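Only one structure is covered here, and it is reproduced in the block below.
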Amino acid sequence: MLTLYFSGTGNTKYIAEHFSKMAQAECHSIEEEVDFQELIVGASTVTFCYPIYGSCVPLIMREFVAKYKTYLDSKKIIILCTQNLFSGDGARVFTELLSRFYCPKVLFF
Ligand SMILES: Cc1cc2nc3c(=O)[nH]c(=O)nc-3n(C[C@H](O)[C@H](O)[C@H](O)COP(=O)(O)O)c2cc1C
């Protein structure tokens, strides 16, 4: 399992690292300089973690998903987001970036 995250001030980084530790997943910030294509191709499940910015997925994450979209088509996707309120669409907005339609389960902690 692979976790990929973007975090501006650390909240999402904390969640991504904690989740990855529990799930025994490899965890990387999308700002790292690693071979993401190789990592994604080698994973059956990819977890994306991001903060809601302006009720949306941050631009850096949208650009990342657009770049690697082809390699994500066959993967099981888990979506985790952090936000202040439910002012945006939370995890659902991420599904619009992918080719497939999802009905995500939304859990609040
Ligand atoms: C530029 C900006 C825009 C934000 N927009 C929203 C928003 O629309 N809705 C919301 O609930 N939280 C919003 N937040 C709050 C963040 O989603 C929240 O603090 C998140 O946990 C930050 O994660 P991070 O520490 O990983 O960057 C925004 C924060 C920033 C900095």
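Counting starts at 1 for both ligands and their atoms, in listed order. Numbers here simply count residues along the sequence, with the first being 1. Small disclaimer: the values here were computed from a predicted structure and weren't measured.
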> Atoms of ligand 1 less than 4.0 Å from Gly8 heavy atoms?
Replying inline: 24 (P), 26 (O), 27 (O)
> Does the distance from a Lys or Arg side-chain N to an Asp or Glu carboxylate O, for Lys21 and Glu17, drop under 4.0 Å?
Replying inline: no
> Looking at Gly10, which atoms of ligand 1 are within less than 4.0 Å of one of its heavy atoms?
Replying inline: 24 (P), 25 (O), 26 (O)
> Who's closest to atom 12 (N) of ligand 1 heavy-atom-wise, of Thr12, Asn84, Asn11?
Replying inline: Asn84
Check residues 58-72 and write down every donor-acceptor pair under 3.5 Å in which the side-chain atom is one partner and the other belongs to a residue at least two apart or another chain.
residue, atom, partner, partner atom, Å
Arg62, NE, Val57, O, 2.7
Arg62, NH2, Val57, O, 3.4
Tyr71, OH, Gln37, OE1, 3.4
Tyr71, OH, Gln37, NE2, 3.4

>> Below 3.5 Å, N or O to N or O, backbone or side chain included: is there any such pair between Ile52 and ligand 1?
In response: yes
>> For Lys13, is there any backbone N or O sitting under 3.5 Å from a side-chain donor or acceptor partner on Ser7?
In response: yes
>> Looking at Ile40, is its backbone amide N or carbonyl O close enough to the side chain of Lys75 to form a donor-acceptor pair, meaning the two atoms are under 3.5 Å apart?
In response: yes
> atom 26 (O) of ligand 1: which of Pro51, Cys56, Ser7 has the nearest heavy atom?
Replying inline: Ser7
> What atoms of ligand 1 come closer than 4.0 angstrom to any heavy atom of Gly54?
Replying inline: 3 (C), 4 (C), 5 (N), 6 (C), 7 (C), 8 (O)
> Are Tyr5 and Phe48 close enough that their ring centres sit under 6.0 Å apart?
Replying inline: no
>> Within ligand 1, which atoms have a heavy atom of Ser55 less than 4.0 Å away?
In response: 7 (C), 8 (O)
Listed pairs under 3.5 Å, donor-acceptor, residues 23-30 side chains, sequence neighbours left out:
residue, atom, partner, partner atom, Å
Glu26, OE2, His28, NE2, 2.8
His28, ND1, Glu32, OE1, 2.7
Ser29, OG, Glu31, N, 3.0

> Hey, does Lys13 come in under 3.5 Å of ligand 1, counting only N/O atoms on both sides?
Replying inline: no
>> How close do Leu2 and Ala43 get, counting heavy atoms only, and between which atoms?
In response: CB-CB, 3.8 Å
> So is Leu85 polar-close to ligand 1, meaning N/O to N/O under 3.5 Å?
Replying inline: yes
